[in-house]
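Computed from a prediction, not measured in an experiment: that's the story for all the values here.
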Amino acid sequence: MVHTEDGPRPKYQRIADGLREAVQTGQYGPGDRLPGENDLMAAHGVARMTARQALGVLKDEGIAEARKGAGVFVRSFRPLRRRAVQRLAEQQWGNGRSVWAADIEDRSLDVDEIAVSEEAAPEHVRTVLDLADGQSVCVRRRRFVLDGKAILLATSYLPMSLVAESAITQQDTGNGGTYARLAELGHGPAHFREEIRSRMPSKDEAARLSTSAGTPVILICRTAFTTEGRAVEFNEMTLDAASYVLEYDFDA
């Protein structure tokens, strides 16, 4: 039995390690069917539960996906590399480009489930945006779908006193998006702060992102500030962890 610093490594983990290596070395490519439970039981002399756990590890890691009645297959979706620094540069949205242009290259991105409304600011949003009691916010909710796969849920909050009657209150904010419109209003972002956490998804999040059981979500809360230090947007993003690589590139 293979031992680690914490003790014996469970057999299902060792089987999963072998399958993962086979995927990484190209023995199984995107869309290929992996050995099923019966195959793994026969090859490794294990019980069905052990074989099921091994395949479950790969599904939880986003390497494989189950297709009802067909088996478990190598996931064909290529994770998105999110270049946080480049995507938020003013040269992106300031020139009418989407912040996503730095990430998606020639891949297909769609935005659906778009809802824009005026609402009372939740307490945590009111605190971040430094709003007085009773001040409302423009709330922009949407889902981002890359190559047919839902990867991100986003909810943005902006002071209604800043954006009322602007394109920000419409579903389509135009070239450059919300940040370009804020700049036109004299409140362009000059600084961003992102906080990152991780947890398991809610039932609704798992359904909207079509995540497999056991796959966590990444939570990114971004605040946009003007040169004067005023917070003008608070954006709560929920990412399918298996669909993302987070990249941060900055000077020492």
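- The only member of Val57, Val74, Ile63, Leu40 that meets side chain to side chain contact (heavy atoms under 4.5 Å, CB included) when paired with Leu19 is Leu40.
- A donor-acceptor contact closer than 3.5 angstrom is absent between the side chains of Tyr157 and Glu119.
- The aromatic rings of His191 and Phe225 sit tilted relative to each other, their planes meeting at an angle between 30° and 60°.
- Glu236 places none of its side-chain heavy atoms less than 4.5 Å from the side chain of Leu219.
- Side-chain N/O atoms of Ser156 and Arg222 include no donor and acceptor closer than 3.5 Å.
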Exercise answer: donor-acceptor pairs, residues 41-51 side-chain atoms, under 3.5 Å, sequence neighbours excluded:
residue: Arg48; atom: NH1; partner: Glu37; partner atom: OE1; Å: 3.1
residue: Arg48; atom: NH1; partner: Asn38; partner atom: OD1; Å: 3.1
residue: Arg48; atom: NH2; partner: Asn38; partner atom: OD1; Å: 2.8

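- From Ile168, atom CD1 reaches atom OH of Tyr179 across 10.0 Å, with rounding to the nearest 0.5 Å.
- Cluster annotation: Val72 is not connected to Tyr12 through the hydrophobic network of ILVMFWY side chains, with a link wherever side-chain heavy atoms come within less than 4.5 Å.
- Counting heavy atoms from C-beta on, the side chains of Ser243 and Lys149 come closer than 4.5 Å.
- In the hydrophobic cluster analysis, where Ile, Leu, Val, Met, Phe, Trp and Tyr join through side-chain heavy atoms closer than 4.5 angstrom, Met237 is grouped together with Ile114.
- Atom CZ of Arg107 is separated from atom CG of Asp147 by 4.5 Å, given to the nearest 0.5 angstrom.
- Side-chain N or O atoms of Arg33 include one that pairs as donor or acceptor with a backbone N or O of Ala70 at under 3.5 Å.
- The minimum heavy-atom distance between Arg141 and Ser117, with the atom names listed, is NH1-OG, 3.8 Å.
- Using a 4.0 Å cut-off between charged side-chain N and carboxylate O, Asp17 and Arg20 make a salt bridge.
- The structure places CD1 of Ile151 at 9.0 Å from CG of Leu209, a figure rounded to the nearest 0.5 Å.
- Residues Leu239 and Leu246 form a side-chain contact, since some pair of their non-hydrogen atoms from C-beta on lies under 4.5 Å apart.
- Side chains of Thr226 and Glu228: a donor-acceptor N/O pair is present below 3.5 angstrom, by distance only.
- Hydrophobic clustering (ILVMFWY, side-chain heavy atoms < 4.5 Å, transitive): Leu55 and Tyr28 are in one cluster.
- Checked against Arg143 for a side-chain hydrogen bond (donor to acceptor under 3.5 Å, both in side chains), the options Thr238, Asp110, Asp112 give a single hit: Asp112.
- No donor-acceptor distance shorter than 3.5 angstrom exists from the side chain of Arg82 to the backbone of Tyr248, with no hydrogens or angles considered.
- To the nearest 0.5 Å, the span separating CG on Leu152 from CG on Leu80 amounts to 9.5 Å.
- Annotation: Arg197, atom CZ; neighbour count of heavy atoms from other residues, nucleotides and ligands within 6.0 Å does not exceed 12.
- Under the 3.5 Å distance criterion, the side-chain polar atoms of Glu205 are matched with a main-chain donor or acceptor of Ser202.
- For the atom pair CD (Glu65) and NZ (Lys59), the distance works out to 10.5 Å, reported to the nearest 0.5 Å.
- Across Arg75 and Asp240, no two heavy atoms sit closer than the pair NH2-OD2, 3.4 Å.
- The two atoms that bring Thr215 and Ala242 nearest to each other are CG2-CB, 4.0 Å, heavy atoms only.
- For the atom pair OH of Tyr244 and CG of Leu146, the computed distance is 7.5 Å after rounding to the nearest 0.5 Å.
- Ser161 and Arg230 get closest at one heavy-atom pair: OG-NH2, 4.3 Å.
- For the pair Met160 and Thr169, the minimum side-chain heavy-atom distance is below 4.5 Å.
- Taking all atoms of both residues into account, the shortest heavy-atom contact from Arg181 to Thr173 is NH1-O, 2.8 Å.
- Using a 4.5 Å cut-off between side-chain heavy atoms of Ile, Leu, Val, Met, Phe, Trp and Tyr, with links allowed through other members, Leu158 and Leu131 fall into different hydrophobic clusters.
- In terms of heavy atoms, Pro216 sits closest to Ser198 at CB-OG, 4.0 Å.
- In the hydrophobic cluster analysis, where Ile, Leu, Val, Met, Phe, Trp and Tyr join through side-chain heavy atoms closer than 4.5 angstrom, Val163 is grouped apart from Leu129.
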